[in-house]
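Protein chains get the first letters and strands the later ones, always in sequence-line order, with residue 1 at the start of each.
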There are 2 protein chains.
Amino acid sequence: MALEHALLVSLRERAASGSELTRRFDKSFGYFWSATHQQIYRTLARMESDGWLTSEVVPQQGKPDTKVYAVSPLGEKILAVWLTEAPTDAPLRSELAVKLRGASYAEDRAGVLAMARAQREVHRTRAAAYEQMLQRQFPHPEELSDADVDRYLVLRAGVRVEEGWIGFLDEYRTTHERRASGATDKEAR
Amino acid sequence: MALEHALLVSLRERAASGSELTRRFDKSFGYFWSATHQQIYRTLARMESDGWLTSEVVPQQGKPDTKVYAVSPLGEKILAVWLTEAPTDAPLRSELAVKLRGASYAEDRAGVLAMARAQREVHRTRAAAYEQMLQRQFPHPEELSDADVDRYLVLRAGVRVEEGWIGFLDEYRTTHERRASGATDKEAR
DNA sequence: ACAGGTCTTGCAACTTGTTGCATAGGTGTT
DNA sequence: AACACCTATGCAACAAGTTGCAAGACCTGT
């Protein structure tokens, strides 16, 4: 599993409570590792009982107390080791790819093409969001600290992946448009 | 869920048994949707009892009987509808991104860079495999049937995604190399 | 004939992730 | 004080995905 390690990274960036972590995993961190608050609370509890984290109850202004977790020396050690290990190759799951591959079994190819066009917009919007975050958070990429340059670079990865999808969805659309217009005679086989 | 729909697509391409589907999901189909044989057998059983599939026991030469599933009219209908719906946005989970973002908490950045280099090779190899499949299976992309052009295009998506990672991992490496050599004075902040 | 292999199907137990709901402290409004 | 409303933490039940194992069919070699 790797949620625990994602939590270690986030907590090393700054100690936090479950709800604060939930917010992070809905925003920036969540762009490459998502989790629900339930998962997070449960995992934090387990990590603490395993000695990876320490916690401290902190009273707040105008809000209920929070339980703020920090990475213990054991947790730091575990993270340091994990970081250099090869990632366990993710199970690669693209619902979009399944749909596009199955497009010829829809009643109407136009419906799938419309979905693909909408999907292209989704990716375009997401890429734009990343780019805006890059500009706002890292206006001078040459002068970043060690930890910040990695946050910067991972955002760059996000942009590239999104652009990969956009490029593909354009290829998908133009290929099918060309076929629909020019090559109606070849439709059967 | 979407394994059921992935199975519908695969079974519409050609009726098959659980073990045959397991093989497909380890190869081509598995490049964008993976599943274990257990998942597949259990899901097929449920789909049949829900009337999405029909099955037939087929004796084989030199092997135990197999239970070959085919998509029922109900299954076809369900698939046709599903194909045009927007994909439920996948939970985006990149263990590599987590590791790269946390790189500054490793004992030694060199270890993470080595891991990243190895990872680049993994993606390069995978991209090459896709390209080979493209060349072998679709030597003449202009003359493909409706179902085949989609198989072709989805492979193209695979190539693009892999190339996106390669491009990023190159950027990652050169950025850190530049920092390590030139800018040792800025290391602290 | 029987030991050893492999193929197909499948059960059981476990882990991971999701959804719905609950409790308790705090605020603000009436 | 009573009420609605918000935040933070958490329980419980469920769904999805993984791992380990095994039974039965069939082959091959001895």
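Here C:dT16 presents its C1' atom at 14 Å from CG of A:Leu7, a figure rounded to the nearest Å. Residue A:Trp33 contributes atom CH2, which lies 11 Å from atom P of C:dT16 at whole-angstrom precision. To the nearest angstrom, P of D:dC11 lies 14 Å from CZ of A:Arg46. What separates CD1 of B:Ile40 from P of D:dA16 is a distance of 15 Å, to the nearest Å. The nearest whole Å value for the distance from the CG atom in B:Asp65 to the C1' atom in D:dC27 is 14 Å. The CG atom of B:Leu3 sits 13 Å away from the C1' atom of D:dA15 (whole-angstrom rounding). The nearest whole Å value for the distance from the CZ atom in B:Arg24 to the P atom in C:dT8 is 13 Å. Following rounding to the nearest Å, A:Lys67 (NZ) and C:dA24 (P) show an atom-to-atom distance of 16 Å.
Residues B:Arg93 and B:Glu20 each lie close to DNA chain C; by heavy-atom proximity, the contact nearer the 5' end of the strand is made by B:Glu20.
Between B:Tyr41 and C:dG10 there is no side-chain N or O to OP1 or OP2 distance below 4.0 Å.
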Please evaluate residues A:Glu171 and B:Arg160 with respect to the criterion salt bridge (Lys or Arg N to Asp or Glu O under 4.0 Å), reporting the C-alpha separation (whole Å), side-chain torsions for both, the decisive distance (0.1 Å), and the verdict. CA-CA 11 Å; A:Glu171 177 179 348; B:Arg160 280 179 182 268; 3.0 Å; yes

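Cluster note: A:Val58 groups with A:Val68 through ILVMFWY side-chain heavy atoms spaced under 4.5 Å, whether in direct contact or through intervening members.
Residue B:Ser17 is in sugar-phosphate contact alone, with no base atom involved, counting any heavy-atom pair closer than 4.0 Å across all strands shown.
Among residues two or more places apart in sequence or in another chain, the side chain to side chain contact (heavy atoms under 4.5 Å, CB included) test is passed with A:Arg109 by A:Ala103, A:Ser104, A:Tyr172, A:His176, B:Asp146, B:Asp150. Remark: B:Arg12 engages no residue in a side chain to side chain donor-acceptor pair (under 3.5 Å) (not counting sequence neighbours). Not counting sequence neighbours, the partners of A:Glu107 by the salt bridge (Lys or Arg N to Asp or Glu O under 4.0 Å) test are B:Lys77. For the salt bridge (Lys or Arg N to Asp or Glu O under 4.0 Å) test, residues two or more places apart in sequence or in another chain that qualify with A:Glu177 are A:Arg173.
Side-chain contact annotation: B:Arg24 with B:Ser28, donor-acceptor N/O pair under 3.5 Å absent.
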Contact list (N/O, under 3.5 angstrom) for nucleotides 19-24 of chain D vs protein:
none

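Listed nucleotides C:dT9, D:dG10, C:dC7 differ in distance to B:Thr66; the shortest reach to its side chain belongs to C:dT9.
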